[in-house]
Amino acid sequence: MVLPFLSKYLYEDLHFSELQIGNILVCFGLGSMLGSWLGGKLSDKIGFYKIMIFSLFVSGLMFFGLQYITSYIGLCIAVFSIMVVADMFRPAMFVSIGAYAKPENRTRALTLVRLAINLGFAAGPALGGLIIMNIGYKGLFWADGATCIIAILIFWMLVKEKKKPAESKETKALLEANRESVFKDRPFWIFLFMCVITGVLFFQLFTTIPLYHKKQFNLNELQTGLLLTLNGVLVFFLEMPIVSYIERNKLDKVKIVTIGCFLMTISLFLLLINFWAGVLIIMMLFMTVAEMFAFPFSNSFAISRAPKGHEGRYMAIFTMSFSAAHILSAKIGMGVVAAYGYQMNWLFMGILGLIGTAAGYWVMQLVAKEKLKVENQ
């Protein structure tokens with residue numbers, strides 16, 4: 001609930017400038033990056049289960065305290081600290097897929113996880129908007145912290161720790177062959193570069209776009225929340241059928257992610273139409289379809305590269321790419337808006353999206369060459 005309204009809270013309640021908000025959101029991203037790394041490393045050492053419980057419970061408590069911090073420096077430190085703890089959860093959760101799902105079901109399992117997240121995201125912004133309008137932003141922190149704690153207590157009571165199953169001999173041999181080569185895997189790192197750009201575009205939803213709703217079209221918190229709820233509802237109902245269709249037809253995952261990046265590019269270019277509020281709905285539709293294409297298969301592509309015993313570290317690298325995207329999205333977006341205005345920001349983000357699309361096409365070519373080389377051996 002807090003994230004979609006964080007920039008509005010900092011701007012309207014605490015009266016920070018765009019540059020100050022950008023810096024606080026950079027601290028958000030830096031904390032997320034460190035938390036992702038720690039979560040991955042510790043998941044390999046002490047297990048994903050303990051990390052998941054610690055992360056969500058403690059971050060829930062920290063959300064309670066965040067509402068009492070109102071100074072600029074204090075918020076930079078507090079937001080950084082919360083995200084270090086909160087984002088330890090993500091790589092641990094991705095690693096848990098290996099324990100609770102068979103290898104052939106991983107993409108669908110990841111999609112189910114995203115389905116659960118988007119069910120929450122469908123309700124969260126609208127409820128958050130109602131809470132703000134009736135109780136104020138303080139109520140938002142209490143609600144967000146409480147739901148984190150309640151969720152992880154239910155998980156702890158109903159889901160028992162499960163060790164990851166042993167891999168087959170063939171899978172072990174394949175993973176061992178890839179163990180030394182992953183960090184030298186050029187297609188993988190170019191793919192991560194595209195993921196960073198995709199993340200930069202997507203995170204505009206939580207940084208510049210809520211402020212743009214108010215400034216350009218005078219939308220209130222509930223209206224902004226309903227637009228974000230539209231995203232969550234569509235993803236909840238449509239993502240699983242789309243993923244199932246793509247998997248049944250064995251479509252190229254990198255190609256699907258690249259199409260997602262291109263659709264996000266279109267969604268940001270659409271915001272250049274600044275005289276008709278209806279464009280916000282069309283933009284959200286493009287962004288939602290793009291999200292359904294880009295994120296489930298980027299997760300699946302990344303986790304498929306991880307050698308046995310090193311899943312946490314590799315998923316940490318992947319999740320850190322999105323943390324980096326959050327840093328860049330906040331800093332660049334807020335910086336461009338402060339210096340040149342919203343229109344220039346949408347133009348810049350659209351051009352960046354075209355670069356990401358080109359990177360995805362490059363990965364497709366490299367992966368195709370790899371497959372051809374294997375077939376010829």
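All residue numbers in this chain count up from 1 along the given sequence. Computed over heavy atoms, backbone and side chain alike; hydrogens, waters and symmetry mates excluded.
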Legend entry - Side-chain (D87) to main-chain (M83) donor-acceptor, under 3.5 angstrom: no

Inset, instruction - Please check if atom NZ in K138 has more than 12 non-hydrogen atoms from other residues, nucleotides or ligands closer than 6.0 Å. - result: yes

Inset, instruction - Go through the steps to decide whether N220 and K214 satisfy the test side-chain hydrogen bond (donor to acceptor under 3.5 Å, both in side chains), and finish with yes or no. - result: CA-CA 7 Å; N220 60 34; K214 177 72 172 179; over 6 Å; no

Legend entry - Over 12 foreign heavy atoms within 6.0 Å of OH, Y72: yes

Inset, instruction - State the CG-CE distance between L38 and M88, to the nearest 0.5 angstrom. - result: 5.5 Å

Inset, instruction - Determine the interplanar angle of the F155 and Y49 rings, folded into 0 to 90°, and report it as parallel if under 30°, tilted if 30 to 60°, perpendicular if over 60°. - result: tilted

Legend entry - Heavy atoms of other groups near K255 NZ, more than 12 under 6.0 Å: no

Inset, instruction - Report the C-alpha distance between Q204 and W346 in whole Å, list the side-chain angles of each, state the deciding distance to 0.1 Å, and finish with yes or no for side chain to side chain contact (heavy atoms under 4.5 Å, CB included). - result: CA-CA 10 Å; Q204 293 298 301; W346 312 140; 4.1 Å; yes

Legend entry - Given I273, L285, L271, the one that forms side chain to side chain contact (heavy atoms under 4.5 Å, CB included) with L280: L271

Legend entry - Near-ring test F262/F286, centroid separation under 6.0 angstrom: no

Legend entry - Nearest heavy-atom neighbours spanning M264 and M287: CG-SD, 3.6 Å

Inset, instruction - Output, in order, the C-alpha distance, side-chain angles, deciding distance and verdict of side chain to side chain contact (heavy atoms under 4.5 Å, CB included) for M93 and V113. - result: CA-CA 9 Å; M93 181 269 296; V113 170; 3.4 Å; yes

Legend entry - Stepwise side chain to side chain contact (heavy atoms under 4.5 Å, CB included) check, T288 with L230: CA-CA 9 Å; T288 301; L230 172 65; 5.7 Å; no

Inset, instruction - Look at the aromatic rings of F203 and F206 and report parallel, tilted or perpendicular, splitting at 30° and 60°. - result: tilted

Inset, instruction - Can you measure from CE (M320) to OG (S36) and round to the nearest 0.5 angstrom? - result: 7.0 Å

Inset, instruction - With rounding to the nearest 0.5 Å, note down the distance linking CE in M349 to OG1 in T208. - result: 6.5 Å

Inset, instruction - Considering non-hydrogen atoms only, spot the tightest contact between A143 and I131 and give its length. - result: CB-CD1, 3.9 Å

Inset, instruction - Tell me, yes or no, whether the heavy-atom count around Y340 atom OH, taken from other residues, nucleotides or ligands under 6.0 Å, exceeds 12. - result: no

Using a 3.5 Å cut-off and no angle test, enumerate the donor-acceptor pairs between side-chain atoms of residues 54-68 and protein atoms at least two apart in sequence or in another chain.
from: S55; atom 1: OG; to: V85; atom 2: O; distance (Å): 2.6
from: S55; atom 1: OG; to: A86; atom 2: O; distance (Å): 3.1
from: S55; atom 1: OG; to: F89; atom 2: N; distance (Å): 3.3
from: S59; atom 1: OG; to: S55; atom 2: O; distance (Å): 2.8
from: S59; atom 1: OG; to: L56; atom 2: O; distance (Å): 3.2
from: Q67; atom 1: OE1; to: W142; atom 2: NE1; distance (Å): 3.1
from: Q67; atom 1: NE2; to: F64; atom 2: O; distance (Å): 2.8

Legend entry - Heavy-atom pair with the smallest gap, counting every atom of L75 and L14: CD1-CD1, 3.4 Å

Inset, instruction - Consider only side-chain heavy atoms of I, L, V, M, F, W and Y, link residues closer than 4.5 Å, and tell whether F193 and L201 are in one cluster. - result: yes

Legend entry - Sub-4.5 Å side-chain heavy-atom contact between I256 and D252: no

Legend entry - Over all atoms of both residues, closest heavy-atom pair of C261 and T357: SG-N, 3.7 Å

Inset, instruction - Would you indicate whether the side-chain heavy atoms of F269 and L347 approach each other to under 4.5 Å? - result: yes

Inset, instruction - Please confirm whether the backbone N or O of Y9 pairs with a side-chain atom of D13, one donor and one acceptor, at under 3.5 Å? - result: no

Legend entry - Heavy-atom pair of closest approach, residues Y100 and K160: OH-O, 2.9 Å

Legend entry - Backbone N/O of G225 and side chain of T229: donor-acceptor pair under 3.5 Å: yes

Inset, instruction - Output yes when a side-chain donor or acceptor of E291 lies under 3.5 Å from a complementary backbone atom of F202, and no otherwise. - result: no

Inset, instruction - Identify, with sequence neighbours excluded, every residue that meets side chain to side chain donor-acceptor pair (under 3.5 Å) alongside Q365. - result: Y361

Inset, instruction - Please round to the nearest 0.5 Å and tell me the distance separating atom CD1 of I21 and atom OH of Y11. - result: 7.5 Å

Legend entry - From C76 atom SG to L25 atom CG, the distance as rounded to the nearest 0.5 Å: 9.5 Å

Inset, instruction - Taking all heavy atoms of S321 and all of L192, pick out the closest pair and write down the distance. - result: OG-CD2, 4.0 Å

Inset, instruction - List the steps, then state whether side chain to side chain contact (heavy atoms under 4.5 Å, CB included) holds for I332 with F348. - result: CA-CA 10 Å; I332 295 172; F348 177 83; 3.4 Å; yes

Inset, instruction - Would you please say whether a donor-acceptor pair under 3.5 Å links the side chains of N274 and Y212? - result: no

Inset, instruction - Answer whether the closest heavy-atom distance between the side chains of M284 and L234 falls below 4.5 Å. - result: no

Legend entry - Gap separating the CG atom of L328 from the CG atom of L352, nearest 0.5 angstrom: 9.0 Å

